[in-house]
There are 2 protein chains.
Amino acid sequence: MQGVGATEEAGAGSGVTERQGAVLEQALRLLVDGGERALTTAGVARAANCSKESLYKWFGDRDGLLSAMIAFQASKVRTLDVSGEALDGARLRAHLVAFATDLLEVLAGDVSLALNRLAIGQASREGSRLGRLLEERGRRQIGRRAGALLEAGRNAGLLGFDDAEEAYGALYGLVVADWHLRMLLGEDPSGLKKNFGLRAERAVNAFLALYGRKG
Amino acid sequence: MQGVGATEEAGAGSGVTERQGAVLEQALRLLVDGGERALTTAGVARAANCSKESLYKWFGDRDGLLSAMIAFQASKVRTLDVSGEALDGARLRAHLVAFATDLLEVLAGDVSLALNRLAIGQASREGSRLGRLLEERGRRQIGRRAGALLEAGRNAGLLGFDDAEEAYGALYGLVVADWHLRMLLGEDPSGLKKNFGLRAERAVNAFLALYGRKG
DNA sequence: CTCCATCAGTACCGTACGGTACGGTTCGCA
DNA sequence: TGCGAACCGTACCGTACGGTACTGATGGAG
(Lines give C-alpha, C1' and ligand atoms only; values in the text may rest on other atoms or scores of the structure.)
Protein backbone atom coordinates (compact mmCIF):
# COMPACT_ATOMS: atom_id res chain seq x y z
CA MET A 1 0.00 0.00 0.00
CA GLN A 2 2.88 2.39 0.59
CA GLY A 3 4.53 4.16 -2.31
CA VAL A 4 7.63 2.50 -3.63
CA GLY A 5 9.86 5.29 -4.74
CA ALA A 6 8.07 8.61 -4.65
CA THR A 7 8.14 8.63 -8.42
CA GLU A 8 4.92 6.91 -9.46
CA GLU A 9 2.15 9.09 -10.75
CA ALA A 10 -1.50 8.45 -10.15
CA GLY A 11 -3.99 8.34 -13.00
CA ALA A 12 -4.32 12.09 -12.88
CA GLY A 13 -1.39 13.93 -14.39
CA SER A 14 -0.77 16.29 -11.53
CA GLY A 15 2.48 15.09 -10.03
CA VAL A 16 0.81 13.23 -7.20
CA THR A 17 1.73 9.73 -6.13
CA GLU A 18 -0.93 7.16 -5.46
CA ARG A 19 -0.44 7.42 -1.73
CA GLN A 20 -0.70 11.18 -1.83
CA GLY A 21 -3.87 10.88 -3.87
CA ALA A 22 -5.37 8.70 -1.18
CA VAL A 23 -4.44 11.31 1.40
CA LEU A 24 -6.04 14.05 -0.68
CA GLU A 25 -9.15 11.91 -0.99
CA GLN A 26 -9.42 11.70 2.78
CA ALA A 27 -8.80 15.41 3.09
CA LEU A 28 -11.63 16.11 0.65
CA ARG A 29 -13.91 13.83 2.61
CA LEU A 30 -13.09 15.67 5.81
CA LEU A 31 -13.71 19.00 4.11
CA VAL A 32 -17.03 17.86 2.66
CA ASP A 33 -18.63 16.70 5.85
CA GLY A 34 -16.98 19.03 8.32
CA GLY A 35 -16.26 22.30 6.57
CA GLU A 36 -12.96 24.09 6.76
CA ARG A 37 -12.87 23.96 10.56
CA ALA A 38 -12.62 20.20 10.37
CA LEU A 39 -9.75 20.31 7.91
CA THR A 40 -6.84 20.37 10.33
CA THR A 41 -3.46 18.93 9.56
CA ALA A 42 -3.74 16.59 12.52
CA GLY A 43 -7.16 15.51 11.37
CA VAL A 44 -6.01 14.79 7.84
CA ALA A 45 -3.04 12.84 9.15
CA ARG A 46 -5.26 10.81 11.43
CA ALA A 47 -7.90 10.12 8.78
CA ALA A 48 -5.35 9.15 6.16
CA ASN A 49 -3.09 7.17 8.49
CA CYS A 50 -0.09 9.26 7.70
CA SER A 51 2.10 11.55 9.75
CA LYS A 52 1.94 15.29 9.85
CA GLU A 53 5.59 15.33 8.89
CA SER A 54 4.73 13.56 5.63
CA LEU A 55 1.99 16.07 4.95
CA TYR A 56 4.45 18.92 5.25
CA LYS A 57 7.04 17.11 3.16
CA TRP A 58 4.54 16.45 0.37
CA PHE A 59 2.54 19.67 0.30
CA GLY A 60 4.77 22.25 1.94
CA ASP A 61 2.21 23.80 4.23
CA ARG A 62 -1.52 23.95 4.76
CA ASP A 63 -2.10 26.17 1.76
CA GLY A 64 -0.18 23.73 -0.40
CA LEU A 65 -2.49 21.01 0.81
CA LEU A 66 -5.54 23.08 -0.12
CA SER A 67 -4.18 23.83 -3.57
CA ALA A 68 -3.35 20.17 -4.09
CA MET A 69 -6.89 19.24 -3.11
CA ILE A 70 -8.36 21.57 -5.72
CA ALA A 71 -5.97 20.40 -8.41
CA PHE A 72 -6.59 16.79 -7.50
CA GLN A 73 -10.35 17.10 -7.61
CA ALA A 74 -10.22 19.00 -10.91
CA SER A 75 -7.96 16.36 -12.41
CA LYS A 76 -10.65 13.76 -11.83
CA VAL A 77 -13.15 15.57 -14.02
CA ARG A 78 -12.94 14.88 -17.69
CA THR A 79 -15.30 16.74 -20.02
CA LEU A 80 -15.52 14.96 -23.34
CA ASP A 81 -16.44 17.28 -26.14
CA VAL A 82 -18.88 15.99 -28.73
CA SER A 83 -17.57 17.78 -31.80
CA GLY A 84 -17.72 16.60 -35.37
CA GLU A 85 -21.27 15.41 -35.08
CA ALA A 86 -23.92 16.43 -37.60
CA LEU A 87 -26.22 18.79 -35.70
CA ASP A 88 -29.88 19.42 -36.27
CA GLY A 89 -32.25 21.37 -34.08
CA ALA A 90 -33.28 18.41 -31.98
CA ARG A 91 -29.73 17.22 -31.39
CA LEU A 92 -28.55 20.69 -30.45
CA ARG A 93 -31.40 21.05 -28.00
CA ALA A 94 -30.65 17.67 -26.49
CA HIS A 95 -26.98 18.56 -26.08
CA LEU A 96 -27.84 21.87 -24.49
CA VAL A 97 -30.20 20.22 -22.04
CA ALA A 98 -27.59 17.62 -21.20
CA PHE A 99 -25.04 20.36 -20.63
CA ALA A 100 -27.44 22.29 -18.43
CA THR A 101 -28.29 19.32 -16.23
CA ASP A 102 -24.64 18.36 -15.97
CA LEU A 103 -23.81 21.92 -14.97
CA LEU A 104 -26.46 21.97 -12.28
CA GLU A 105 -25.41 18.61 -10.92
CA VAL A 106 -21.75 19.53 -10.84
CA LEU A 107 -22.45 22.79 -9.04
CA ALA A 108 -24.68 21.00 -6.55
CA GLY A 109 -22.11 18.31 -5.84
CA ASP A 110 -20.78 17.92 -2.33
CA VAL A 111 -17.14 18.34 -3.23
CA SER A 112 -17.78 21.25 -5.56
CA LEU A 113 -19.74 23.13 -2.92
CA ALA A 114 -17.13 22.44 -0.25
CA LEU A 115 -14.23 23.57 -2.43
CA ASN A 116 -16.06 26.69 -3.56
CA ARG A 117 -16.83 27.54 0.06
CA LEU A 118 -13.21 27.00 0.95
CA ALA A 119 -11.90 29.20 -1.85
CA ILE A 120 -14.46 31.92 -1.16
CA GLY A 121 -13.58 31.90 2.50
CA GLN A 122 -9.94 32.45 1.65
CA ALA A 123 -10.66 34.97 -1.10
CA SER A 124 -9.90 38.05 0.93
CA ARG A 125 -6.67 36.50 2.12
CA GLU A 126 -3.43 36.35 0.18
CA GLY A 127 -4.78 37.64 -3.11
CA SER A 128 -7.26 34.83 -3.62
CA ARG A 129 -4.85 32.22 -4.95
CA LEU A 130 -7.33 29.42 -4.41
CA GLY A 131 -10.11 31.35 -6.07
CA ARG A 132 -8.12 31.84 -9.22
CA LEU A 133 -7.05 28.21 -9.18
CA LEU A 134 -10.62 27.04 -8.81
CA GLU A 135 -11.80 29.33 -11.59
CA GLU A 136 -9.00 28.18 -13.86
CA ARG A 137 -9.52 24.48 -13.30
CA GLY A 138 -13.27 24.44 -12.94
CA ARG A 139 -15.06 27.16 -14.81
CA ARG A 140 -12.61 27.31 -17.70
CA GLN A 141 -13.12 23.60 -18.23
CA ILE A 142 -16.89 23.66 -18.39
CA GLY A 143 -16.83 26.91 -20.29
CA ARG A 144 -14.85 25.26 -23.03
CA ARG A 145 -17.40 22.50 -23.43
CA ALA A 146 -20.20 25.03 -23.68
CA GLY A 147 -18.20 27.19 -26.06
CA ALA A 148 -17.56 24.30 -28.41
CA LEU A 149 -21.24 23.39 -28.36
CA LEU A 150 -22.32 26.93 -29.11
CA GLU A 151 -19.80 27.28 -31.92
CA ALA A 152 -20.99 24.04 -33.45
CA GLY A 153 -24.55 25.29 -33.29
CA ARG A 154 -23.61 28.52 -34.98
CA ASN A 155 -21.64 26.74 -37.71
CA ALA A 156 -24.66 24.58 -38.37
CA GLY A 157 -26.79 27.69 -38.76
CA LEU A 158 -28.86 26.83 -35.71
CA LEU A 159 -27.65 29.60 -33.45
CA GLY A 160 -27.00 33.26 -34.05
CA PHE A 161 -24.72 35.39 -31.88
CA ASP A 162 -21.77 37.69 -32.26
CA ASP A 163 -20.06 37.31 -28.92
CA ALA A 164 -19.77 33.70 -27.81
CA GLU A 165 -18.89 34.76 -24.29
CA GLU A 166 -22.08 36.78 -24.06
CA ALA A 167 -24.16 33.88 -25.32
CA TYR A 168 -22.52 31.55 -22.86
CA GLY A 169 -23.18 34.01 -20.08
CA ALA A 170 -26.85 34.09 -20.97
CA LEU A 171 -27.06 30.31 -21.04
CA TYR A 172 -25.28 30.04 -17.70
CA GLY A 173 -27.46 32.68 -16.11
CA LEU A 174 -30.70 31.17 -17.35
CA VAL A 175 -29.68 27.75 -16.11
CA VAL A 176 -28.14 28.61 -12.77
CA ALA A 177 -29.63 31.98 -11.77
CA ASP A 178 -29.07 32.32 -8.02
CA TRP A 179 -29.27 28.63 -7.17
CA HIS A 180 -25.53 28.27 -6.86
CA LEU A 181 -25.29 31.07 -4.34
CA ARG A 182 -28.22 29.71 -2.38
CA MET A 183 -26.61 26.31 -2.18
CA LEU A 184 -23.31 27.88 -1.16
CA LEU A 185 -25.16 29.70 1.60
CA GLY A 186 -26.32 26.38 2.96
CA GLU A 187 -29.79 25.94 1.55
CA ASP A 188 -30.68 22.29 1.48
CA PRO A 189 -29.90 21.08 -2.05
CA SER A 190 -32.18 18.06 -1.85
CA GLY A 191 -35.26 20.15 -2.47
CA LEU A 192 -33.64 21.84 -5.43
CA LYS A 193 -32.15 18.77 -7.05
CA LYS A 194 -35.51 17.28 -7.97
CA ASN A 195 -36.22 20.14 -10.35
CA PHE A 196 -32.97 20.02 -12.23
CA GLY A 197 -34.41 18.36 -15.32
CA LEU A 198 -37.34 20.71 -15.64
CA ARG A 199 -35.16 23.70 -14.89
CA ALA A 200 -32.62 22.75 -17.55
CA GLU A 201 -35.44 22.23 -20.04
CA ARG A 202 -36.94 25.66 -19.45
CA ALA A 203 -33.59 27.41 -19.47
CA VAL A 204 -32.69 25.87 -22.82
CA ASN A 205 -36.06 26.87 -24.22
CA ALA A 206 -35.44 30.45 -23.18
CA PHE A 207 -31.90 30.36 -24.51
CA LEU A 208 -33.08 29.06 -27.88
CA ALA A 209 -35.78 31.71 -27.98
CA LEU A 210 -33.03 34.29 -27.64
CA TYR A 211 -30.31 32.84 -29.82
CA GLY A 212 -32.00 30.17 -31.98
CA ARG A 213 -32.31 30.37 -35.78
CA LYS A 214 -34.95 28.74 -37.96
CA GLY A 215 -36.15 26.81 -34.98
CA MET B 1 -20.22 59.84 23.24
CA GLN B 2 -21.08 56.98 25.56
CA GLY B 3 -24.57 55.63 25.74
CA VAL B 4 -26.72 57.08 28.44
CA GLY B 5 -29.10 54.38 29.43
CA ALA B 6 -28.88 51.39 27.13
CA THR B 7 -32.36 52.19 25.92
CA GLU B 8 -31.83 54.52 22.96
CA GLU B 9 -32.42 53.03 19.55
CA ALA B 10 -30.48 53.96 16.48
CA GLY B 11 -32.20 54.98 13.27
CA ALA B 12 -32.48 51.36 12.22
CA GLY B 13 -35.19 49.47 14.00
CA SER B 14 -33.11 46.50 15.06
CA GLY B 15 -32.75 46.95 18.80
CA VAL B 16 -29.28 48.40 18.59
CA THR B 17 -28.13 51.44 20.49
CA GLU B 18 -26.17 54.14 18.76
CA ARG B 19 -22.99 53.08 20.46
CA GLN B 20 -23.50 49.48 19.45
CA GLY B 21 -24.16 50.62 15.89
CA ALA B 22 -20.82 52.38 15.84
CA VAL B 23 -19.16 49.20 17.08
CA LEU B 24 -20.85 47.17 14.35
CA GLU B 25 -19.69 49.73 11.82
CA GLN B 26 -16.10 49.22 12.90
CA ALA B 27 -16.57 45.47 12.83
CA LEU B 28 -17.84 45.66 9.27
CA ARG B 29 -14.88 47.80 8.30
CA LEU B 30 -12.50 45.24 9.78
CA LEU B 31 -14.29 42.45 7.97
CA VAL B 32 -14.22 44.29 4.65
CA ASP B 33 -10.54 44.97 4.51
CA GLY B 34 -9.22 42.00 6.38
CA GLY B 35 -11.58 39.09 5.83
CA GLU B 36 -12.84 36.87 8.57
CA ARG B 37 -9.39 36.22 9.95
CA ALA B 38 -9.12 39.88 10.87
CA LEU B 39 -12.48 39.88 12.65
CA THR B 40 -11.34 38.93 16.13
CA THR B 41 -13.12 40.02 19.25
CA ALA B 42 -9.98 41.74 20.48
CA GLY B 43 -9.59 43.48 17.13
CA VAL B 44 -13.16 44.74 17.12
CA ALA B 45 -12.81 45.98 20.68
CA ARG B 46 -9.59 47.80 19.83
CA ALA B 47 -10.94 49.32 16.61
CA ALA B 48 -14.16 50.46 18.27
CA ASN B 49 -12.58 51.64 21.53
CA CYS B 50 -14.72 49.37 23.58
CA SER B 51 -13.97 46.47 25.86
CA LYS B 52 -14.34 42.83 25.05
CA GLU B 53 -16.57 42.53 28.08
CA SER B 54 -19.01 44.98 26.53
CA LEU B 55 -18.96 43.03 23.28
CA TYR B 56 -20.00 39.89 25.09
CA LYS B 57 -22.59 41.72 27.11
CA TRP B 58 -24.16 43.24 23.98
CA PHE B 59 -23.92 40.41 21.50
CA GLY B 60 -23.60 37.26 23.58
CA ASP B 61 -20.77 35.63 21.72
CA ARG B 62 -18.90 35.86 18.46
CA ASP B 63 -21.76 34.39 16.44
CA GLY B 64 -24.12 36.91 17.93
CA LEU B 65 -21.77 39.63 16.77
CA LEU B 66 -21.76 38.24 13.24
CA SER B 67 -25.55 38.01 13.16
CA ALA B 68 -25.83 41.54 14.47
CA MET B 69 -23.48 42.72 11.74
CA ILE B 70 -25.66 41.19 9.04
CA ALA B 71 -28.86 42.55 10.55
CA PHE B 72 -27.30 45.97 11.02
CA GLN B 73 -26.06 46.19 7.45
CA ALA B 74 -29.39 45.01 6.08
CA SER B 75 -31.23 47.58 8.17
CA LYS B 76 -29.31 50.34 6.41
CA VAL B 77 -30.64 49.34 2.99
CA ARG B 78 -33.99 50.75 2.10
CA THR B 79 -35.52 49.72 -1.20
CA LEU B 80 -38.23 52.14 -2.16
CA ASP B 81 -40.77 50.55 -4.45
CA VAL B 82 -42.08 52.67 -7.29
CA SER B 83 -45.61 51.38 -7.51
CA GLY B 84 -48.69 53.24 -8.59
CA GLU B 85 -46.95 54.86 -11.52
CA ALA B 86 -48.42 54.73 -15.00
CA LEU B 87 -46.19 52.39 -16.94
CA ASP B 88 -45.43 52.39 -20.62
CA GLY B 89 -42.81 50.38 -22.46
CA ALA B 90 -40.08 52.95 -22.11
CA ARG B 91 -40.68 53.50 -18.41
CA LEU B 92 -40.73 49.79 -17.70
CA ARG B 93 -37.49 49.34 -19.56
CA ALA B 94 -35.91 52.21 -17.68
CA HIS B 95 -37.01 50.78 -14.36
CA LEU B 96 -35.70 47.36 -15.27
CA VAL B 97 -32.35 48.78 -16.28
CA ALA B 98 -32.17 50.77 -13.08
CA PHE B 99 -32.98 47.66 -11.08
CA ALA B 100 -30.34 45.68 -12.94
CA THR B 101 -27.59 48.22 -12.38
CA ASP B 102 -28.58 48.59 -8.74
CA LEU B 103 -28.46 44.84 -8.35
CA LEU B 104 -25.00 44.62 -9.89
CA GLU B 105 -23.69 47.45 -7.79
CA VAL B 106 -25.10 46.03 -4.58
CA LEU B 107 -23.64 42.62 -5.25
CA ALA B 108 -20.28 44.16 -6.11
CA GLY B 109 -20.20 46.27 -2.98
CA ASP B 110 -17.42 45.77 -0.48
CA VAL B 111 -19.65 45.03 2.47
CA SER B 112 -21.96 42.76 0.52
CA LEU B 113 -19.07 40.67 -0.76
CA ALA B 114 -17.50 40.45 2.67
CA LEU B 115 -20.73 39.41 4.36
CA ASN B 116 -21.52 36.85 1.70
CA ARG B 117 -18.02 35.41 2.05
CA LEU B 118 -18.47 35.26 5.78
CA ALA B 119 -21.82 33.49 5.60
CA ILE B 120 -20.61 31.07 2.95
CA GLY B 121 -17.56 30.26 4.99
CA GLN B 122 -19.78 29.37 7.95
CA ALA B 123 -22.39 27.60 5.85
CA SER B 124 -21.19 24.09 6.62
CA ARG B 125 -21.10 24.89 10.30
CA GLU B 126 -24.07 25.01 12.66
CA GLY B 127 -26.74 24.58 10.02
CA SER B 128 -25.92 27.78 8.14
CA ARG B 129 -27.69 30.22 10.41
CA LEU B 130 -25.88 33.17 8.89
CA GLY B 131 -26.64 32.00 5.37
CA ARG B 132 -30.37 31.90 6.04
CA LEU B 133 -30.21 35.25 7.76
CA LEU B 134 -28.40 36.81 4.83
CA GLU B 135 -30.82 35.30 2.37
CA GLU B 136 -33.80 36.48 4.38
CA ARG B 137 -32.58 40.04 4.83
CA GLY B 138 -30.84 40.53 1.51
CA ARG B 139 -32.27 38.50 -1.28
CA ARG B 140 -35.84 38.61 -0.07
CA GLN B 141 -35.64 42.39 0.03
CA ILE B 142 -34.38 42.89 -3.50
CA GLY B 143 -36.62 40.09 -4.74
CA ARG B 144 -39.65 42.00 -3.51
CA ARG B 145 -38.66 45.09 -5.43
CA ALA B 146 -38.21 43.08 -8.60
CA GLY B 147 -41.43 41.18 -7.99
CA ALA B 148 -43.42 44.38 -7.62
CA LEU B 149 -41.90 45.77 -10.80
CA LEU B 150 -42.68 42.63 -12.77
CA GLU B 151 -46.23 42.50 -11.47
CA ALA B 152 -46.75 46.12 -12.41
CA GLY B 153 -45.45 45.35 -15.89
CA ARG B 154 -47.83 42.45 -16.25
CA ASN B 155 -50.78 44.43 -14.99
CA ALA B 156 -49.97 47.10 -17.58
CA GLY B 157 -49.99 44.44 -20.28
CA LEU B 158 -46.31 44.96 -20.99
CA LEU B 159 -45.05 41.63 -19.65
CA GLY B 160 -46.35 38.12 -19.97
CA PHE B 161 -45.52 35.31 -17.59
CA ASP B 162 -47.27 32.72 -15.49
CA ASP B 163 -44.79 32.18 -12.69
CA ALA B 164 -43.37 35.43 -11.32
CA GLU B 165 -40.61 33.54 -9.54
CA GLU B 166 -39.49 32.00 -12.79
CA ALA B 167 -39.49 35.35 -14.56
CA TYR B 168 -37.51 36.90 -11.74
CA GLY B 169 -35.04 34.03 -11.92
CA ALA B 170 -34.53 34.65 -15.61
CA LEU B 171 -33.99 38.35 -15.05
CA TYR B 172 -31.55 37.70 -12.24
CA GLY B 173 -29.65 35.11 -14.24
CA LEU B 174 -29.38 37.28 -17.34
CA VAL B 175 -28.15 40.22 -15.28
CA VAL B 176 -25.76 38.50 -12.92
CA ALA B 177 -24.77 35.22 -14.62
CA ASP B 178 -21.57 34.07 -12.92
CA TRP B 179 -20.22 37.52 -12.06
CA HIS B 180 -21.25 37.27 -8.44
CA LEU B 181 -19.42 34.02 -7.93
CA ARG B 182 -16.35 35.34 -9.69
CA MET B 183 -16.29 38.38 -7.46
CA LEU B 184 -16.80 36.20 -4.39
CA LEU B 185 -13.83 34.14 -5.52
CA GLY B 186 -11.69 37.25 -5.45
CA GLU B 187 -11.64 38.43 -9.05
CA ASP B 188 -10.86 42.10 -9.17
CA PRO B 189 -14.23 43.90 -9.41
CA SER B 190 -12.78 47.10 -10.83
CA GLY B 191 -12.52 45.60 -14.29
CA LEU B 192 -16.08 44.34 -14.13
CA LYS B 193 -17.67 47.43 -12.69
CA LYS B 194 -17.07 49.53 -15.78
CA ASN B 195 -19.39 47.35 -17.84
CA PHE B 196 -22.30 47.39 -15.44
CA GLY B 197 -24.37 49.81 -17.49
CA LEU B 198 -23.89 48.00 -20.76
CA ARG B 199 -24.43 44.65 -19.11
CA ALA B 200 -27.67 45.76 -17.49
CA GLU B 201 -28.87 47.15 -20.81
CA ARG B 202 -28.23 43.91 -22.67
CA ALA B 203 -29.74 41.76 -19.95
CA VAL B 204 -32.94 43.81 -19.94
CA ASN B 205 -33.12 43.58 -23.72
CA ALA B 206 -32.88 39.81 -23.52
CA PHE B 207 -35.41 39.68 -20.70
CA LEU B 208 -37.89 41.79 -22.67
CA ALA B 209 -37.34 39.60 -25.71
CA LEU B 210 -38.40 36.65 -23.58
CA TYR B 211 -41.20 38.12 -21.52
CA GLY B 212 -42.19 41.37 -23.27
CA ARG B 213 -45.61 41.98 -24.83
CA LYS B 214 -46.43 44.37 -27.71
CA GLY B 215 -42.92 45.74 -27.52
C1' DC C 1 23.75 -8.70 7.35
C1' DT C 2 24.09 -3.83 7.05
C1' DC C 3 23.01 0.66 5.49
C1' DC C 4 19.79 3.96 4.24
C1' DA C 5 15.48 6.13 2.89
C1' DT C 6 10.78 6.57 3.87
C1' DC C 7 7.18 6.94 6.84
C1' DA C 8 3.86 6.44 11.04
C1' DG C 9 3.14 7.95 15.51
C1' DT C 10 3.77 11.14 19.04
C1' DA C 11 5.46 14.59 21.78
C1' DC C 12 6.47 19.29 21.75
C1' DC C 13 6.43 24.53 21.00
C1' DG C 14 4.74 29.04 19.93
C1' DT C 15 0.97 31.56 18.94
C1' DA C 16 -3.54 33.20 18.36
C1' DC C 17 -8.08 33.41 19.64
C1' DG C 18 -12.61 33.01 22.34
C1' DG C 19 -14.22 33.96 26.59
C1' DT C 20 -13.88 35.70 31.61
C1' DA C 21 -12.48 38.48 35.58
C1' DC C 22 -10.94 42.59 37.70
C1' DG C 23 -9.40 47.34 38.69
C1' DG C 24 -10.09 52.03 37.57
C1' DT C 25 -12.92 55.77 35.45
C1' DT C 26 -16.74 58.41 33.87
C1' DC C 27 -21.33 60.12 34.49
C1' DG C 28 -26.04 60.43 35.82
C1' DC C 29 -28.64 61.01 39.99
C1' DA C 30 -30.06 61.92 44.56
C1' DT D 1 -20.74 64.58 47.94
C1' DG D 2 -21.66 59.89 47.87
C1' DC D 3 -23.82 55.85 45.26
C1' DG D 4 -24.34 52.88 41.56
C1' DA D 5 -24.42 51.61 36.75
C1' DA D 6 -22.13 51.31 32.62
C1' DC D 7 -17.90 50.80 30.58
C1' DC D 8 -12.87 50.93 29.13
C1' DG D 9 -8.47 48.76 29.29
C1' DT D 10 -5.95 44.91 30.34
C1' DA D 11 -4.53 40.88 32.32
C1' DC D 12 -5.61 36.17 32.41
C1' DC D 13 -6.99 31.25 31.17
C1' DG D 14 -7.92 27.23 28.41
C1' DT D 15 -7.73 25.42 24.13
C1' DA D 16 -6.87 24.48 19.44
C1' DC D 17 -4.06 24.63 15.67
C1' DG D 18 0.14 25.09 12.47
C1' DG D 19 4.49 23.62 12.23
C1' DT D 20 8.84 20.99 13.88
C1' DA D 21 11.65 17.39 16.00
C1' DC D 22 12.37 12.86 17.52
C1' DT D 23 11.81 7.73 17.76
C1' DG D 24 11.04 3.44 16.05
C1' DA D 25 9.47 0.30 12.37
C1' DT D 26 9.60 -1.31 7.59
C1' DG D 27 11.61 -2.59 3.43
C1' DG D 28 14.61 -2.32 -0.45
C1' DA D 29 19.70 -2.16 -2.16
C1' DG D 30 24.37 -3.53 -1.94
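Just so it is clear: chains get the letters A, B, ... in the order the sequence lines come, proteins before strands, and each one is counted from 1.
Annotation: the span from B/Thr41 atom OG1 to B/Arg46 atom CZ amounts to 9.5 Å, rounded to 0.5 Å.
Not a single donor-acceptor pair under 3.5 Å links the side chain of B/Arg182 to the backbone N or O of A/Glu135. In this structure, the side chain of A/Arg93 does not engage the main chain of A/Val204 through any donor-acceptor pair within 3.5 Å.
With C/dG18, D/dG19, D/dG9 as the candidates, the nucleotide lying closest to the side chain of A/Arg62 is D/dG19. Closest to the side chain of A/Lys57, from the set C/dG9, D/dG18, C/dC7, is C/dC7. Taking only side-chain atoms of A/Asp61, from C-beta outward, the nucleotide of C/dC7, D/dG19, C/dG18 with the closest atom is D/dG19.
Remark: C1' of C/dT6 and CD of A/Gln20 are 12 Å apart, rounded to the nearest angstrom. Atoms CG (B/Leu39) and C1' (C/dC17) sit 12 Å apart, rounded to a whole Å. Atom C1' of nucleotide C/dT6 and atom CD of A/Glu18 are separated by 16 Å, given to the nearest angstrom. Remark: P of D/dC8 and CD of B/Gln26 are 13 Å apart, rounded to the nearest angstrom. Taking atom CZ of residue A/Phe59 and atom P of nucleotide D/dG19, one finds them 14 Å apart after rounding to whole Å. What separates CG of B/Leu55 from C1' of C/dT20 is a distance of 13 Å, to the nearest Å. When the P atom of D/dC8 is taken as reference, atom OH of B/Tyr56 falls 15 Å away, rounded to whole Å. When the P atom of D/dG18 is taken as reference, atom CD of A/Glu36 falls 9 Å away, rounded to whole Å.
Checking the phosphate oxygens (OP1, OP2) of D/dA6, no side-chain nitrogen or oxygen of B/Trp58 falls inside 4.0 Å. In this model, the phosphate group of C/dT10 is not approached by any side-chain N or O of A/Ser51 to a distance below 4.0 Å at OP1 or OP2. Taking 4.0 angstrom as the limit, A/Arg19 places a side-chain polar atom (N or O) nearer than this to OP1 or OP2 of C/dA8. The phosphate of D/dC17 has neither OP1 nor OP2 within less than 4.0 Å of any side-chain N or O from A/Thr40.
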Pairwise N/O distances under 3.5 Å, protein to nucleotides 22-24 of chain D:
from   : atom 1 : to      : atom 2 : distance (Å)
D/dC22 : N4     : A/Glu53 : OE1    : 2.4
D/dC22 : N4     : A/Glu53 : OE2    : 3.4

Determine all donor-acceptor pairs shorter than 3.5 Å in which one atom belongs to a side chain in residues 195-203 of chain B; sequence neighbours excluded.
from     : atom 1 : to       : atom 2 : distance (Å)
B/Arg199 : NE     : B/Val175 : O      : 2.8
B/Arg202 : NH1    : A/Glu166 : OE1    : 3.3

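Applying the 3.5 Å distance criterion, the base of D/dG19 shares a donor-acceptor pair with the side chain of A/Lys52.
Partners of A/Ala47 according to the side-chain contact (heavy atoms from CB on, under 4.5 Å) rule, which considers only residues two or more places apart in sequence or in another chain, are A/Gln26, A/Leu30.
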Item to check | Stepwise side chain to side chain donor-acceptor pair (under 3.5 Å) test for B/Ser67 and B/Arg129 | outcome: CA-CA 9 Å; B/Ser67 302; B/Arg129 266 189 47 252; 2.6 Å; yes
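Heavy atoms from other residues, nucleotides or ligands lying under 6.0 Å from CZ of B/Arg139 number more than 12.
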